[in-house]
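Residue numbers begin at 1 in each chain, while the letters A, B, ... track the order of the sequences. From a predicted model like this one, the values you see are computed outputs, not experimental measurements. When reading the values below, keep in mind they use all heavy atoms of this one structure, side chains included, and skip hydrogens, waters and symmetry mates.
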Number of protein chains: 2
Amino acid sequence: MVTISDIARLSGVAKSTVSRYLNGGSVGSDTRIKIEKIIRETSYIPNSFAQSLKTKRPNIIGTVVPRLDSYASSRTLMGIDEQLRTQDYEMLILNSNRDPRREVENLYSLARQKVAGIILLATEIGPEHTAAFRELQVPILLVGQQYSGIYSLIHDDERSAYDLCRLVLNKGHRRIAFLGVSERDQAVGVGRKIGFIKAVSEYKDANAICYETGFGIEEAQIKAEEIIRQNRPTAWVCATDNIALGVMKAAHNLGFRVPDDFSVAGFGDYEIAGIMHPGLTTVKFFYQETGRMAASCMMKLVNGQPVERVMHSQYKIIERESLDIPFVL
Amino acid sequence: MVTISDIARLSGVAKSTVSRYLNGGSVGSDTRIKIEKIIRETSYIPNSFAQSLKTKRPNIIGTVVPRLDSYASSRTLMGIDEQLRTQDYEMLILNSNRDPRREVENLYSLARQKVAGIILLATEIGPEHTAAFRELQVPILLVGQQYSGIYSLIHDDERSAYDLCRLVLNKGHRRIAFLGVSERDQAVGVGRKIGFIKAVSEYKDANAICYETGFGIEEAQIKAEEIIRQNRPTAWVCATDNIALGVMKAAHNLGFRVPDDFSVAGFGDYEIAGIMHPGLTTVKFFYQETGRMAASCMMKLVNGQPVERVMHSQYKIIERESLDIPFVL
DNA sequence: ATATTTTTCGGAACCGGTTCCAATTATATT
DNA sequence: AATATAATTGGAACCGGTTCCGAAAAATAT
């Protein structure tokens with residue numbers, strides 16, 4: 001590997017001169033030409049480790065994502081990236097592939113790389129996480145989950161679930177199924193379920209049943225088919241759009257029609273929700289905007305400006321046909 | 001920031017001893033305890049720049065992706081990550097957000113970070129790219145695009161398009177539209193179109209019309225509505241599943257049914273293709289498997305083992321209902 | 001022509017680790 | 001007890017850059 005010393009030797013100057021040349025300091029025109037030539041010939045590329053060692057680099061923000069193939073994650077990442085670029089920051093992405101151990105490892109790895117801050121798109125927060133939060137001397141921002149003492153940017157899971165469920169109730173439904181996920185996921189698993197239950201409990205004659213499945217479409221579909229066979233809710237509130245898709249597929253497989261036979265609603269407003277037919281009524285979370293918020297909040301943290309402990313992203317209920325037809329029950 | 005020298009000073013030993021402790025060298029049990037205590041108290045975290053400066057780190061592979069919110073990209077990344085982990089390599093993701101300039105910058109940035117190799121999920125290869133390829137003294141693997149002199153792992157765009165189009169022709173269609181993308185995209189834009197045209201040209205009575213749109217669903221939908229109004233192909237071959245979704249949406253909007261009124265086929269086998277109704281006939285590209293291939297190929301390059309210049313990933317045509325009903329034309 | 005200012009450049013120290021080597025200490029062997 | 005061997009430790013050099021400082025050279029002023 002060719003180093004700055006090689007360049008210096010080959011062009012007959014001191015390496016401090018080469019460094020100055022590279023960083024736009026004052027260099028005589030003939031030495032400039034000599035150095036230029038050598039650099040071109042050797043296709044020298046500076047070693048950023050060596051650079052960062054002396055000059056630090058407070059312009060990199062690390063992000064840790066639980067998975068790469070998720071609409072929410074990737075949109076949020078885009079938002080973060082977009083916002084960081086406007087401030088001349090760079091984004092470093094580390095994937096933990098749904099593995100909590102890897103997630104924690106990634107936090108430490110970013111700390112070793114001396115990033116200016118860490119944005120964690122979190123799922124479950126375990127004891128190792130909190131230990132890391134305590135130990136790491138880096139600003140950390142949690143997105144999508146809340147944890148006491150840590151800056152958090154959360155989706156309004158409970159309130160949006162409440163609103164969505166109210167909408168379903170207003171359509172006349174009284175036998176409603178909630179198809180959620182593991183309660184280890186505080187936001188999606190717990191928050192959305194609580195909002196749902198709260199809304200249902202305000203209606204004396206309403207009946208709620210809660211089920212649990214995973215995040216995959218197929219898993220949800222199988223679960224839904226099972227549920228339909230033993231129980232016949234008139235409406236489904238699903239913890240994610242993917243789960244809603246599974247329910248709709250199950251309905252179709254068993255010869256039922258949406259929304260004629262039952263209504264379905266989800267969370268996320270994935271791109272497909274507006275394209276499919278019937279369109280899926282869902283809670284839109286503006287992930288990209290959330291990413292931008294996360295990034296600018298992190299900028300503030302890095303610069304020592306005051307930031308609220310808990311922030312909320314916006315949401316909006318998008319009504320589409322999957323909830324359209326208020327039928328007689 | 002607390003450094004190894006601080007730890008050494010505080011525990012009354014030389015920093016070489018601390019270093020040895022950290023790396024599992026021989027350290028006496030009492031010094032071990034002293035150092036341990038200090039490290040815990042100061043929550044010391046080593047600086048990985050300093051570490052990498054001396055010990056290099058040939059165990060990081062950089063990847064550059066054109067966008068984060070793409071099914072193909074994210075699945076491929078997952079495959080790369082999965083495979084690299086089995087070999088104790090790490091993956092560094094840089095996003096270029098569809099910006100060729102950023103893409104090239106990212107290549108140089110990875111080179112400065114002295115990664116062991118670079119996997120580039122490419123779209124368009126311009127002159128700056130080729131300059132970078134020449135200059136960078138790092139193994140580079142192109143995925144999804146081919147460029148002479150560069151190791152490439154490509155999807156069999158042309159052949160799969162030919163096969164898919166043959167299938168459409170076999171169903172009896174003779175007036176077929178191809179809805180593709182910009183020809184600056186060598187693989188998706190050119191390869192798939194050529195395969196399509198080749199298949200059509202083998203049928204004397206077949207009629208092909210090629211159109212162009214972008215990668216977005218909505219853009220494709222608008223384009224398709226426009227086309228339907230002036231022309232009425234009986235089948236559509238779309239360069240991506242997203243484009244196919246746009247066409248199906250357009251058909252629906254204008255009161256046509258798929259596959260009754262026209263057949264539609266795509267490329268990619270996005271998750272939704274099997275969930276929606278009618279299911280979308282498409283070319284499955286096994287992106288995750290491609291990612292794994294890319295990673296193990298990169299391992300070989302890094303280790304100086306021989307690798308073929310051009311490799312092909314697998315593909316398979318998945319027949320679903322969108323092409324199901326051979327109707328009388 | 002000399003004095004002064006400005007520009008250009010080399011030397012050395014430093015960033016925070018790792019590693020080699022020699023010195024010291026502890027343990028085993030005879 | 002003396003010696004051989006092994007384990008532990010500190011010092012110094014090094015990785016590849018940046019930066020500070022002072023000397024030399026060049027440009028400008030007097």
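In the helix from C:dA1-D:dT30 to C:dT30-D:dA1, the rotation axis of the first five pairs and that of the last five pairs differ in direction by 40°, rounded to 10 degrees.
Note on B:R67 versus A:D81: no salt bridge recorded, every NZ/NE/NH1/NH2 to OD/OE distance being 4.0 Å or above. With salt bridges taken as basic N to acidic carboxylate O contacts below 4.0 Å, one links B:E289 and B:R292.
With rounding to the nearest 0.5 Å, the separation of CE in B:M91 from CE in B:M78 is 9.5 Å. Here B:I118 contributes atom CD1 and B:L110 contributes atom CG; the two are 4.5 Å apart, rounded to the nearest 0.5 Å.
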Report summary line: Quick tally for nucleotides 5-10 of chain D: nucleotides whose base has a protein heavy atom under 4.0 Å get B, sugar-phosphate-only ones S, the rest -, giving ---BBB

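The NZ atom of A:K54 sits 9 Å away from the P atom of C:dG16 (whole-angstrom rounding). Rounded to an integer number of Å, the gap from CZ of A:R112 to P of C:dG17 is 12 Å. Summarising the geometry, the separation between CZ on B:F49 and C1' on C:dC14 is reported as 17 Å, rounded to the nearest angstrom. A:L53 has its CG atom 12 Å from the P atom of C:dT18, to the nearest Å. Atom-to-atom, CD1 of A:I4 to P of C:dG11 comes out at 15 Å; the value is rounded to the nearest Å. Rounded to whole angstrom, the span from the CD atom of A:Q113 across to the P atom of C:dG16 amounts to 17 Å. Atom-to-atom, CD of A:Q51 to C1' of D:dG16 comes out at 9 Å; the value is rounded to the nearest Å. A straight line from CG of A:N47 to P of D:dC15 spans 12 Å, rounded to a whole angstrom.
Using a 4.5 Å heavy-atom threshold, the side chains of A:T63 and A:L121 count as separate. Within the 4.5 Å cutoff, the side chain of A:M298 has no heavy atoms near those of the A:I80 side chain. The closest side-chain heavy-atom distance from B:F133 to B:I125 is below 4.5 Å.
Counting any heavy atom pair closer than 4.0 Å across all strands shown, B:Y44 reaches sugar-phosphate atoms only and no base atom.
Contact check, A:N23 against D:dT18: a side-chain N or O comes under 4.0 Å of OP1 or OP2. Close to D:dG16, at under 4.0 Å from its OP1 or OP2, lies a side-chain N or O of B:K56. Side-chain N/O atoms of A:S19 include one lying less than 4.0 angstrom from OP1 or OP2 on D:dT18.
Distances were taken from every side-chain heavy atom of B:T55 (C-beta onward) to each of C:dT18, D:dT19, C:dG16; the shortest belongs to C:dT18.
Atom CD of A:Q87 is surrounded by more than 12 heavy atoms from other residues, nucleotides or ligands within 6.0 Å. Within 6.0 Å of CZ on A:R309 lie more than 12 heavy atoms contributed by other residues, nucleotides or ligands.
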